[in-house]
Amino acid sequence: MTEKARTRYAPSPTGRPHIGNIRTAVFSYLLAKHTGGDFLLRIEDTDRKRYVEGSLEAIEDSLRWLGLDWDEGPGIGGPYEPYLQSERLELYLKYATQLVAEGKAYYSYDRERTEEERKAAEKNPQVSLSFSRRWRESTEEERQAAIADGIKPVIRFKVPLEGVTTVPDIVVNPPIVQNSSLSDLVLLKSDGFPTYHLAHIVDDHLMKITHVIRGQEWLPSAALHVLLYQALGWEMPVMVHPPVILNPPGVKGKLSKRESAVYVGQYRELGYLPEALLNYLVLLGWSYDDKTELFSKEELVEKFDLNRIQPTPAKYSVEKLDWLNAYYINHKLTREEFAQRSLPFLAEAGLITQDEVADLGERLGFIVRVCGLVKDKVKILSEVPGEIDFMFKPASELEYPAQDLVGKNESKAATAKILAASIDYLAKLPDEKFTTAGIAEGLSQLSADLELKNRGLLFWPVRIAMCGRKNSPDASAMIETYGREAALDHLRVACEKLG
RNA sequence: GGCGCAUUCGUCUAGCGGCCUAGGACGCAUCCCUCUCAAGGAUGAGACCAGGGGUUCGAAUCCCCUAUGCGCUACCA
């Protein structure tokens with residue numbers, strides 16, 4: 001085992017966490033725990049204009065839901081508090097002015113660029129470069145004039161004009177960039193807040209972060225960060241730049257909310273299991289071997305290896321996630337767990353009350369059996385209510401055409417006979433035989449006794465009578481779940497429908 | 001436009017010079033099971049390893065070029 005790693009997830013509070021973003025948190029968490037180290041949460045709230053109320057809570061909820069517990073962070077504290085960058089302003093000021101004193105940074109009396117100027121600068125790097133260096137070699141008179149004009153300066157980093165910088169990285173080949181192509185980045189804004197570039201380096205250093213895991217969109221500016229570490233005389237953490245997640249096949253660009261659900265919270269609301277989402281997210285860009293792809297959180301912690309992160313961006317596809325989720329529901333969850341997790345969705349649909357979500361009391365057994373009817377059928381939890389709502393209604397409220405009962409039987413009259421026979425049979429079936437298996441066996445025998453061509457001719461109308469729809473769970477299982485009285489009611493109503 | 005990274009079945013991937021007539025999974029097709037829908041079981045189609053040059057006895061694996069994709073190009077992160 002390698003040395004203990006200290007990693008962090010450092011989102012800015014600009015809204016709900018995006019799954020592409022949270023995936024870097026997953027990798028960070030796994031690395032930390034794999035090495036027996038710490039995973040921290042730090043909030044990068046250095047842009048006051050983009051702050052969104054409630055973001056911190058959304059971030060914390062998402063991490064907790066996925067089971068990514070952090071060892072240090074806002075609220076819980078830690079040896080390097082505070083973990084909110086807005087509360088660490090004097091630190092950034094200190095290092096920025098230190099760099100100025102050392103001649104490695106300088107005050108720049110810029111006016112803010114207009115949208116057009118920015119567009120122009122994007123097209124022509126020379127414009128951008130010269131703009132950023134406008135005050136690099138300014139005279140005292142120029143500075144005094146700017147101050148007299150009331151311009152508040154920013155502090156810019158004095159990037160070396162010559163040489164090349166490379167960024168060592170675990171995932172991709174080290175980018176090699178000419179220093180002359182780099183602009184003098186802003187370290188401290190005119191409002192006294194640091195930029196990301198300064199803040200994350202100061203914090204990662206002070207918080208003793210060993211591995212920085214962040215999206216590949218940071219690769220282009222990583223050379224600048226290398227230079228900054230050098231200027232500050234600090235050792236660099238290991239850099240890890242996993243690829244971004246792309247839109248599904250056929251759609252260009254990185255995963256966007258137009259194309260699919262992108263926020264962790266949305267997946268929760270749709271009824272994905274956190275363990276399935278976690279498993280899927282990890283698989284998107286990481287592999288253990290050529291076969292294994294089902295991993296619990298514990299297995300991931302044990303097996304995670306940075307070197308097996310794929311350098312290529314992966315296209316997001318909800319189909320495999322759906323399969324994984326269905327697999328977890330079907331094979332990993334017990335009936336009780338499945339029912340428990342379905343509760344919020346049943347309440348949402350009005351099938352049970354909020355009080356019952358907290359404590360079902362005597363209804364627990366019934367709910368577990370009802371949910372069990374569709375456990376191997378649903379892909380996501382939000383599908384559960386729609387699949388079993390009929391179980392919550394009396395027979396008289398089921399609406400379906402009588403013709404549906406007939407199925408492959410020759411007539412309504414013939415079907416009615418079969419149902420009548422089923423009623424007689426089930427009414428007399430001993431209690432100990434009133435189980436899914438017992439009922440299935442009994443009704444099969446009955447269909448033979450009635451000399452039907454196949455037992456489907458009996459099961460079909462019985463099943464329709466139970467649920468009023470053509471697609472449903474197993475007929476015998478529904479009968480058992482209803483219990484004898486309710487099941488017989490359903491059959492009687494069906495008989496009446498047939499006239 | 002400039003700079004950077006990447007490139008194996010439709011998709012996620014295994015592969016780190018001979019084990020590859022390229023393996024697994026999702027999806028798809030067919031069959032089995034079957035009272036419906038699922039689930040489950042079996043089988044199959046599907047990648048001349050982006051294209052072109054090298055290096056080597058030998059390349060999906062190393063190098064170069066081209067193409068394509070993605071990212072960045074703010075006093076945002």
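Residue numbers start from 1 in every chain, and the chains themselves are labelled A, B, ... in the order their sequence lines are given, proteins ahead of strands.
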Considering Watson-Crick and G-U wobble pairs with both distances under 3.5 Å, what does [N] pair with?
N     : answer
B/G27 : none
B/C19 : none
B/U56 : none
B/A74 : none
B/U61 : none
B/C5  : B/G69

Q: Could you label the plane-to-plane angle of the A/Y196 and A/H200 rings as parallel, tilted or perpendicular, counting under 30° as parallel and over 60° as perpendicular?
A: parallel
Q. How are the rings of A/H197 and A/W218 set to each other: parallel, tilted or perpendicular (split at 30° and 60°)?
A.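 Ring orientation of A/H197 relative to A/W218: perpendicular.
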Q) Between B/G23 and B/G15, how far is it from one C1' atom to the other, in whole Å? A) 9 Å
Q: With C1' as the reference atom in both, quote the distance from B/U8 to B/G69 in angstrom, rounded to an integer.
A: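 After rounding to an integer number of Å, I get 15 Å for this pair.
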Q | Salt bridge A/R48-A/D191, side-chain N to carboxylate O under 4.0 Å | A |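 A salt bridge is present here (some side-chain N lies under 4.0 Å from a carboxylate O).
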Q: Using a strict 4.0 Å threshold on nitrogen-to-oxygen distance, state whether A/D389 and A/R469 make a salt bridge.
A: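 Judged by the 4.0 Å cut-off on N to carboxylate O distance, A/D389 and A/R469 do form a salt bridge.
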Q) Tell me, which pairs form a salt bridge (Lys or Arg N to Asp or Glu O under 4.0 Å) where one or both residues lie in residues 242-259 of chain A, sequence neighbours left out? A)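 Applying salt bridge (Lys or Arg N to Asp or Glu O under 4.0 Å) to every pair that reaches into residues 242-259 of chain A, excluding sequence neighbours, yields nothing.
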Q) Who pairs with A/R156 by salt bridge (Lys or Arg N to Asp or Glu O under 4.0 Å), at least two apart in sequence or on another chain? A)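 By the salt bridge (Lys or Arg N to Asp or Glu O under 4.0 Å) rule, A/R156 matches A/D110.
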(Q) So A/L182, base contact, sugar-phosphate only, or nothing? Heavy-atom distance under 4.0 Å. (A)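 Nothing, no heavy atom under 4.0 Å.
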List, one per line, each side-chain donor-acceptor pair under 3.5 Å for residues 276-287 of chain A, sequence neighbours excluded.
from	atom 1	to	atom 2	distance (Å)
A/N279	OD1	A/F295	N	2.8
A/N279	OD1	A/Y328	OH	2.6
A/N279	ND2	A/E293	O	3.0
A/Y280	OH	A/S317	N	3.1
A/Y280	OH	A/S317	O	3.0
A/W286	NE1	A/D305	O	3.1

Q. Do other residues, nucleotides or ligands put more than 12 heavy atoms under 6.0 Å from the OH atom of A/Y288?
A. no
Q | Nucleotide nearest A/P125 (side chain, heavy atoms from C-beta), chosen from B/C35, B/C5, B/G2 | A | B/G2
**Q.** Nucleotide of B/C5, B/G23, B/C35 approaching A/K291 most closely (side-chain heavy atoms)
**A.**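 So the nucleotide nearest the side chain must be B/G23.
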Using whole Å, what does the distance between atom [atom2] of nucleotide [N] and atom [atom1] of [X] come to?
X      : N     : atom1 : atom2 : answer
A/Q178 : B/C3  : CD    : C1'   : 10 Å
A/F390 : B/U36 : CZ    : P     : 16 Å
A/L129 : B/C3  : CG    : C1'   : 11 Å
A/L224 : B/G4  : CG    : P     : 15 Å

(Q) Short of 4.0 Å, heavy atom to strand atom, which residues of residues 440-456 of chain A count as contacting RNA chain B? (A)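 Under 4.0 Å from RNA chain B: A/R455, A/G456.
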What does the B/S/- profile of [range] look like, 5' to 3', with a 4.0 Å heavy-atom cutoff to protein?
range                        : value
nucleotides 10-16 of chain B : -SSSSS-
nucleotides 71-77 of chain B : BSBSBBB
nucleotides 45-52 of chain B : --------

Filtered N/O pairs between nucleotides 37-42 of chain B and protein, under 3.5 Å:
from	atom 1	to	atom 2	distance (Å)
B/C37	O4'	A/N471	OD1	3.4
B/C37	O2	A/K377	NZ	2.1
B/A38	O2'	A/D376	O	3.1
B/A38	O2'	A/K377	O	3.3
B/A39	O4'	A/D376	O	3.3
B/A39	O2'	A/N330	OD1	3.0
B/G40	OP1	A/H331	NE2	3.4

**Q.** Side chains of A/R16 and A/S55, donor plus acceptor under 3.5 Å
**A.** no
Q. Looking only at side chains, do A/S138 and A/R143 share a donor and an acceptor under 3.5 Å apart?
A.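 Side chains of A/S138 and A/R143: pair found under 3.5 Å.
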Return the set of residues passing side chain to side chain contact (heavy atoms under 4.5 Å, CB included) with [X] (not counting sequence neighbours), or none when no residue passes.
X      : value
A/T481 : A/F366, A/R369, A/V370, A/L373, A/M391
A/F434 : A/L426, A/L429, A/I439, A/I479, A/R484
A/T97  : A/L93, A/Y107, A/I155

Q) Looking at A/L219, A/T165, A/V226, which hits side chain to side chain contact (heavy atoms under 4.5 Å, CB included) with A/P175? A)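 Filter result, single survivor: A/L219.
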Q.
Between A/P174 and A/K252, which residue's closest nucleotide on RNA chain B lies nearer the 5′ terminus?
A. A/P174
Q | Under-4.0 Å side-chain N/O to phosphate OP1/OP2 contact, A/N124 with B/G2 | A |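 It does not, given that no N or O in the side chain of A/N124 lies less than 4.0 Å from OP1 or OP2 of B/G2.
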Q.
Just verifying a value: how many Å separate A/N21 CG and A/T14 OG1, rounded to the nearest 0.5 Å?
A. 8.5 Å
Q | Chi angles and distances behind the salt bridge (Lys or Arg N to Asp or Glu O under 4.0 Å) call for A/E275, A/R341 | A | CA-CA 13 Å; A/E275 54 268 53; A/R341 302 227 205 175; 2.7 Å; yes
Q: Kindly state each residue pair satisfying side chain to side chain donor-acceptor pair (under 3.5 Å) with at least one member in residues 453-462 of chain A, sequence neighbours excluded.
A: A/S444-A/R455
